[in-house]
Amino acid sequence: MKNTLIGSLYLILASSIWGGMYVVVKILVTVIPPLELVWMRYLIALVALVIISLLTRQNWRIKRRHFGIIIAIAIIGYVISIVTQETGTMLSTAQMGAIITSTTPAFMVLFASLILKERLTLKKAISVSLATIGVITIVGIDDINMSSMLGGVSLIIAALTWALMSVLIKRIPSDYSQIVVTTYATLIAVVVLTPFVITKLPQIDINDLTNPITWGGLIYLGVISTSTAFLLWSRGLQMLNASSGGVFFFVQPVVGTLLGWLILGETISITFWIGSILILLGVLIIIKDTQEEQNHSNHSLAQ
């Protein structure tokens with residue numbers, strides 16, 4: 001019970017942080033191109049993670065057989081998913097981006113069933129369906145610019161790869177430090193992205209980089225949205241099963257919409273509140289279902 005609630009809280013916090021990230025990205029992407037922005041974000045996150053690791057005296061040892069999974073997590077989730085997500089958001093409409101990204105939990109349920117052999121229960125299916133309908137209700141399906149096909153394809157790749165990464169996290173032993181695993185994965189992402197951005201960095205206006213708003217945004221993306229949120233997401237998934245954890249991803253567009261209303265002055269309609277209630281119902285069903293699964297497992301072990 002305690003693990004379920006703490007794991008749920010970690011996933012809700014991570015999704016809430018990512019909801020706020022879209023407002024920050026919307027401001028920063030006007031002065032820093034997406035690929036370079038992702039690289040800077042990871043570089044700042046790497047510094048923060050190394051400092052945290054040294055201060056908390058983490059054990060850096062990882063068994064050789066698990067490095068392959070960490071490399072896969074870094075390339076699939078940290079590089080391909082984030083780059084295609086930001087590129088897709090630029091090329092398509094916000095509505096299309098939110099709807100396509102909301103398919104991530106459904107893909108997580110599928111990958112969890114195929115890779116981890118997790119049982120697909122009726123409650124999980126109902127939960128994902130309710131939350132998906134909730135997001136579509138919030139975003140709406142009118143006036144979607146279907147001509148942005150490249151952006152749509154990019155966002156589908158982002159959703160698929162993030163779902164796959166989230167399931168692969170479960171293959172990492174839970175006794176490893178999440179800080180160390182996240183640090184290694186972030187380092188790999190920086191190394192992979194560097195050859196693609198190093199020649200483009202001089203093209204960025206130095207005056208834009210010295211702007212306090214730009215620096216504040218970069219620190220938020222690097223320290224809060226990347227290092228902190230990735231740690232929370234990874235730890236939360238370790239405490240719940242992967243197919244259940246995906247539903248908490250739906251908190252992201254709710255927080256994003258609320259912050260858009262508060263900070264950017266965007267309007268919120270009645271459909272937002274209806275959709276939010278559906279998402280909340282989906283999350284509550286998953287928490288209850290996870291508790292029942294854990295109680296059943298503990299009862300079986302006691303026998």
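Predicted, not measured: the structure shown is a model, and the values here were computed from it.
Separation of atoms CD1 (Ile172) and CD1 (Ile69) is listed at 5.0 Å; rounding is to 0.5 Å. Atoms CH2 and CD1, from Trp39 and Ile44 in turn, are 9.5 Å apart once rounded to the nearest 0.5 Å. Here Leu218 contributes atom CG and Leu37 contributes atom CG; the two are 6.5 Å apart, rounded to the nearest 0.5 Å. Note that CD1 of Ile12 is 12.0 Å distant from CD1 of Ile17, once rounded to the nearest 0.5 Å. Taking CE of Met40 as the start and CG of Leu221 as the end, the distance is 11.5 Å to the nearest 0.5 Å.
Contact between Ile32 and Ile204 at its shortest, heavy atoms only, is CG2-CD1, 4.1 Å. The two residues Ile179 and Thr183 make their nearest non-hydrogen contact at O-OG1, 2.6 Å. In terms of heavy atoms, Ala14 sits closest to Leu232 at CB-CB, 4.0 Å. A pairwise comparison of heavy atoms in Leu28 and Ile213 identifies CD2-O, 4.4 Å as the closest pair. Between Ala45 and Thr226, the closest heavy-atom pair is CB-CG2, 3.6 Å.
Of the candidates Ile82, Ile188, Leu35, Leu193 forms a side chain to side chain contact (heavy atoms under 4.5 Å, CB included) with just one, namely Leu35.
In this structure the side chain of Tyr78 reaches within 4.5 angstrom of the side chain of Met165, judged on heavy atoms. At a threshold of 4.5 Å between non-hydrogen side-chain atoms, the residues Leu231 and Tyr10 do not count as touching. Ser225 places a side-chain heavy atom less than 4.5 Å from the side chain of Arg41. Here the side chains of Ile73 and Ile169 are in contact, with some heavy-atom distance below 4.5 Å.
For Phe67, the CZ atom is densely surrounded, since the number of other residues' heavy atoms within 6.0 Å is greater than 12. Environment of CH2 in Trp215: sparse, with no more than 12 heavy atoms of neighbouring residues, nucleotides or ligands closer than 6.0 Å.
Side-chain N/O atoms of Trp233 and Ser166 include a donor and acceptor closer than 3.5 Å.
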